[in-house]
Number of protein chains: 4
Amino acid sequence: MTRNKLKEVAMRLFGEKGYDGTALSEIAKEVGVKTPAIYAFYENKEDLFMTVFREAMQSYNTFIQEVSEEQKELNARESLYRVLSRQYQFYKKSPEPNLFVLRYVLFPPSFLKETIEDAFLHSDETLTKAIEGLIEQGIREGVMKDQSVQPLVDAFLNLMDGLSMQYFYYTSKELYERKLNNAFEIFWNGACS
Amino acid sequence: MTRNKLKEVAMRLFGEKGYDGTALSEIAKEVGVKTPAIYAFYENKEDLFMTVFREAMQSYNTFIQEVSEEQKELNARESLYRVLSRQYQFYKKSPEPNLFVLRYVLFPPSFLKETIEDAFLHSDETLTKAIEGLIEQGIREGVMKDQSVQPLVDAFLNLMDGLSMQYFYYTSKELYERKLNNAFEIFWNGACS
Amino acid sequence: MTRNKLKEVAMRLFGEKGYDGTALSEIAKEVGVKTPAIYAFYENKEDLFMTVFREAMQSYNTFIQEVSEEQKELNARESLYRVLSRQYQFYKKSPEPNLFVLRYVLFPPSFLKETIEDAFLHSDETLTKAIEGLIEQGIREGVMKDQSVQPLVDAFLNLMDGLSMQYFYYTSKELYERKLNNAFEIFWNGACS
Amino acid sequence: MTRNKLKEVAMRLFGEKGYDGTALSEIAKEVGVKTPAIYAFYENKEDLFMTVFREAMQSYNTFIQEVSEEQKELNARESLYRVLSRQYQFYKKSPEPNLFVLRYVLFPPSFLKETIEDAFLHSDETLTKAIEGLIEQGIREGVMKDQSVQPLVDAFLNLMDGLSMQYFYYTSKELYERKLNNAFEIFWNGACS
DNA sequence: CATGAATGAGCCTTCATTCAT
DNA sequence: AATGAATGAAGGCTCATTCAT
């Protein structure tokens, strides 16, 4: 119980205030426990952080995995749009792990720069493959004209990255949804013309 | 002299390791001075940080200003592409202030969350206006079909955001340039079809 | 245990060397503990100081309270003399809190000038009332001639104040006792003639 | 010019906030000069303090000297009362040096405990002698009855000490004057009966 | 005379961590 | 599983002082 509450609070605080900006005492206090209690569950601050990091990363990977898999019944356009809206749903449902991942992928604390780069590159590849699949499907379906896949993949991944960033600094829901739809529409036009 | 060296080193270290992760002693050491010397030039850590922040922000605004202005002789496509390549040049030429801005716009230390939001919203508006201008030019030129401007602006700004993020986590120059060109190409296609 | 030793040592050092002249490290060292240990018991230097101040003030108030109360069997002269000798006994028995009170009533650190003034005014009133009572008793007894009470109260309180000061800068016990007795004798003569 | 302004400001600040509580930078700032300028006139903080101390002490001694001397035309009662009112005038006219003397006679910084004790004992003797003279005059005049001088001297000096303290913690002028007059009246009664 | 720049020493405080209970 | 007490290390900051200008 405490173990999990610690993880949750740590995820939020590390995500909001950074590794160095978050004191173990703050985490403990929010959980309603004294600082040394943390050491009953985690070896030290780094261990707690890494545990949280792994969990956030896994949550992110699960999202990517789901995106990769259930592309059965839908056509390419629907599938690609679905990727974006799933990403959006996912951010809305659990912003903490996503803010966490975004933060530490962009700005890892020095002691795990490498670890994070490796972990993230792996996810990136999986995602890339999945998007490739969808693009190829689109071409097979004939809605996209027959062209090289790479540019479309690059463009779509860029779209996703842009939307990730924007999610965390545009607070307005309506604004974000408009941007999502507009950006996707232009992408889709560009892909089909 | 020392004053400026402090600013430079602080910009880099704050950008790389965060506000809490950067000790004044580190900054001082790199400059070749003892910690208390900092206080001859800056009131305290926050003041040094804010000074650096203002400078980085101004550097960013200068970039936006330039983008807004010299769109005379070029046609719309060239102008829009030029925005991206200028952004790229700008990142390459002075990555420090840009990493700094990116970091603290996304993850401001709590004591200046508001300040940063205000400052950034202002830049965002200026940039939006400039892009609007270019899109309208494109429509006037007849290369883009006559359509509402908003979607194209949203898409282009998203493109820029995505590229910003990618600049700082894809180290390879070639990879980045490919992504930039591909994403722009799809955007342009989408805008003209 | 440590908590109380800290209070004792702090009382003495703050009394002897002043708030700014006393480093927490000194206090800690005398107690046989490292400086940060203090923070397990007190929020900060100010808190430790205030705790000590409250205790010293309470000790002083207890003295005044006792003086106010047990004036039953004795006649006025004995009672008044007793006040002085109790004050003397009290200083001898616990010089630390008294030196502390004297110091900070006369020279409060700016951050608690008001607090101290309030606290002390209250004690002063209680003491004044008690002395008034004794003087009135003296008049009722017929040993003091029937006169207005105020001048006698003023004179007696002045006597006490003078003796307070002198206690802390005349080190010799005999000298002090002589002064006490002589000053009281003249006062008593003055009150009865 | 600056030299004297430094002394004045130092006297006031050292008197109000104590040796350790007063930074050279504060003194310099009030004088309108930067800290290192102080070292053009005084060797160091201690030297400035000592200079100020000597001056304050001298001012105090001057007062005592005056009291000792001009007791020509007046009778004993007038002379003694005059001592008190001069002391009062003196405090009113220049409270700074007097607060200073009071503070550091009671609570000397450790590095000049001895110096101060010596200096003050000397003043004390002079004052004692002067008061003795006045008392003897009173006896010669026949207004005081023929008695040993010591008790009267002790009582009168105690009176002065009490009034010194009270001057600095009772802010009201009227209150203070009442106390002065009342205390003196009782003393005089006691001395004459 | 005065100042800007710099420093060594030291202070208050926080923090991660340990250990006995 | 949890806590109170304690600590080493470090951080931000102030201060008296020096020195070249």
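Reminder, nothing fancy here: chain letters follow the sequence lines and each chain counts from 1.
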Where the side chain of [X] is defined as all heavy atoms beyond and including C-beta, which of [options] is the nearest nucleotide?
X: C:Y39; options: E:dT13, F:dG8, E:dT17; value: E:dT13
X: D:F41; options: F:dG12, E:dA2, F:dA5; value: E:dA2
X: C:L24; options: E:dT13, E:dC1, F:dT17; value: E:dT13
X: D:K45; options: F:dG12, E:dT17, F:dT17; value: F:dT17
X: A:P36; options: F:dC15, E:dC19, F:dT18; value: E:dC19

Do side-chain atoms of [X] reach the backbone of [Y] as a donor and acceptor pair under 3.5 angstrom?
X: B:Y19; Y: A:D20; result: no
X: A:T22; Y: A:G18; result: yes
X: A:T51; Y: A:D47; result: yes
X: B:R12; Y: B:E96; result: no
X: A:S59; Y: A:E55; result: no

Using Watson-Crick geometry (N1-N3 plus N6-O4 or O6-N4) or G-U wobble (N1-O2, O6-N3), each under 3.5 Å, F:dA10 is paired with E:dT13

Assigned partner base of E:dA20, Watson-Crick or wobble definition, under 3.5 Å: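 Base partner found: F:dT3.
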
What contact category does C:T35 fall into here, base, sugar-phosphate, or nothing, at under 4.0 angstrom with non-hydrogen atoms?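 The answer is base, as C:T35 lies within the cut-off (heavy atoms under 4.0 Å) of a base atom.
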
Using a 4.0 Å heavy-atom cut-off, does A:A37 contact any base of the nucleic acid, only the sugar-phosphate backbone, or nothing at all? base

In whole angstrom, what separates [X]'s [atom1] from [N]'s [atom2]?
X: D:R3; N: E:dA2; atom1: CZ; atom2: P; answer: 10 Å
X: C:L6; N: F:dA5; atom1: CG; atom2: C1'; answer: 12 Å
X: B:N4; N: E:dA5; atom1: CG; atom2: C1'; answer: 15 Å
X: C:F49; N: E:dC12; atom1: CZ; atom2: P; answer: 13 Å
X: B:E26; N: F:dA9; atom1: CD; atom2: C1'; answer: 14 Å
X: A:I38; N: E:dC15; atom1: CD1; atom2: P; answer: 12 Å
X: C:Y42; N: F:dA5; atom1: OH; atom2: P; answer: 11 Å
X: B:M1; N: E:dA6; atom1: CE; atom2: C1'; answer: 16 Å

Could you tell me if the ring centre of B:Y104 sits under 6.0 Å from that of B:F120?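 Centroid separation for B:Y104 and B:F120: 6.0 Å or greater.
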
At under 4.0 Å, does any side-chain N or O of B:T2 touch on OP1 or OP2 of E:dA5?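 No, outside the criterion.
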
Given DNA chain F, 5'-ward residue of the pair A:K34 and C:K34, judged by closest heavy atom: A:K34

Most 5' of B:N44 and C:G32 on DNA chain F, judged by nearest nucleotide: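 This one resolves to C:G32.
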
Can you work out whether C:D20 or B:V33 has the more 5'-proximal nearest nucleotide on DNA chain E?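 Result: B:V33.
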
